[in-house]
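Order of listing sets the numbers, starting from 1, for every ligand and every atom in it.
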Amino acid sequence: MQDKLTLMIPGPTPVPETVLQAMGRHPIGHRSADFQAIVHRTTEQLKWLHQTSSDVVVITGSGTAAMEAGIINVLSRGDTVLCGDNGKFGERWVKVAQAYGLDVQVIEADWGQPLDPEAFRAALEADTAKAIKAVILTHSETSTGVINDLETIARHVQAHGTALTIADCVTSLGACDVPMDAWGIDVIGSGSQKGYMMPPGLAFVAMSERAWEAAKSSDLPKFYLDLLKYRKSAQADSNPFTPAVNLYFALEAALGMMQAEGLEAIFARHARHRAAAQAGMTAMGLALYAAAGHGSPAITAVAPADIDAETLRKRVKERFDILLAGGQDHLKGKVFRIGHLGFVCDRDVLTAVAAIEATVQELGLHTGAPGAGVAACAAALAG
Ligand SMILES: *Cc1c(COP(=O)(O)O)cnc(C)c1O
């Protein structure tokens, strides 16, 4: 049905009317006082979201640009880095680091499993020569719906003494607690189409003082993504290049909504939606893909045993206008993913679970009592 599509994918995520309306204005000059005021306010809002007193810079691009910028601004030619890889995005940071000729050591975990913090501790303790310059990992691994233990891994990096922690928080920021300063994270990359409740187009890089210090001597090639330029401009409430002006309107509105809701309430909502999605799937006999206890608050990956996940996903889209995400790479057809990130309310999750349940029942694959998924989901939402 026209105009009825509900996005339940991990990006782009649904955008509130308030944010769409904020965007739908004429652009203003990016060197004007009015725009400077917006840059000033959004910079403060971004620090609030990251729970940091350090600078957060905004670039025009997707989340990958933020992570690439983070990597190339704090590292130098030939540096050794330790990358965590337990899914599609972990894999991507290995490729980015390799593209810049870094010496990449990889700590892997099977897809669906979390990274083992002990493996990081062991590798970092063994590095008495202090060759490892950074540990790069994904907090919420969107491809598998697994949340990695960033807090513990960051603590091991701090014990190492010199390595930096570079974290992809694209689907954890705005979904669960990511206190950048308290956890001692040096670089956090994120993108507007995820927890920010915005359309795609803006990328954010938050850097600690240690990371900005490293940026001064970093010699990897960069021009557009030279973050020192962005920091210098930001200090004058400006941008080095033409920013996506209308997306800044959206950013101010979206972050304003997030501030009105409050971080604790936002995190509680995402935790509740994770519990509700998991309970609903389990009650209708569908297996969760992420290891128990390690599910992401932003996304639930489901591995239906006796049916092609793409068939189920397409049916839900055709019948109910709800878009779920498919599996990536070797998980295609094996897994579908329910995004519950950003502007998502209890009704959205309950409806998605009901639509999936109706489809599973129709296909004759429901192994629980009819309606058991919805009942379990509703119970979880009620707390
Ligand atoms: C979406 C996403 C990204 C960024 O992808 P882009 O398409 O470049 O915005 C990075 N990491 C994770 C974990 C993601 O979910």
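- Side chains of Asp127 and His160: a donor-acceptor N/O pair is present below 3.5 angstrom, by distance only.
- A side-chain donor-acceptor contact under 3.5 Å links Asp346 and His273.
- In this structure a side-chain-to-backbone donor-acceptor pair under 3.5 Å is missing from Gln36 to Arg31.
- If you check the side chains of Asn86 and Trp111, you find no donor sitting under 3.5 Å from an acceptor.
- For ligand 1, the 4.0 Å heavy-atom shell takes in Ser62, Gly63, Thr64, Phe89, Arg92, Trp93, Thr138, Ser140, Thr142, Asp168, Val170, Thr171, Gln193, Lys194, ordered by chain and residue number.
- When each of Lys334, Lys88, Arg92 is tested with Asp329 by the rule salt bridge (Lys or Arg N to Asp or Glu O under 4.0 Å), just one qualifies, namely Lys88.
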Name the atoms and distances for all side-chain donor-acceptor pairs under 3.5 Å in residues 292-299, with sequence neighbours left out.
residue	atom	partner	partner atom	Å
Ser296	OG	Ser140	OG	2.9
Ser296	OG	Ala298	N	3.0

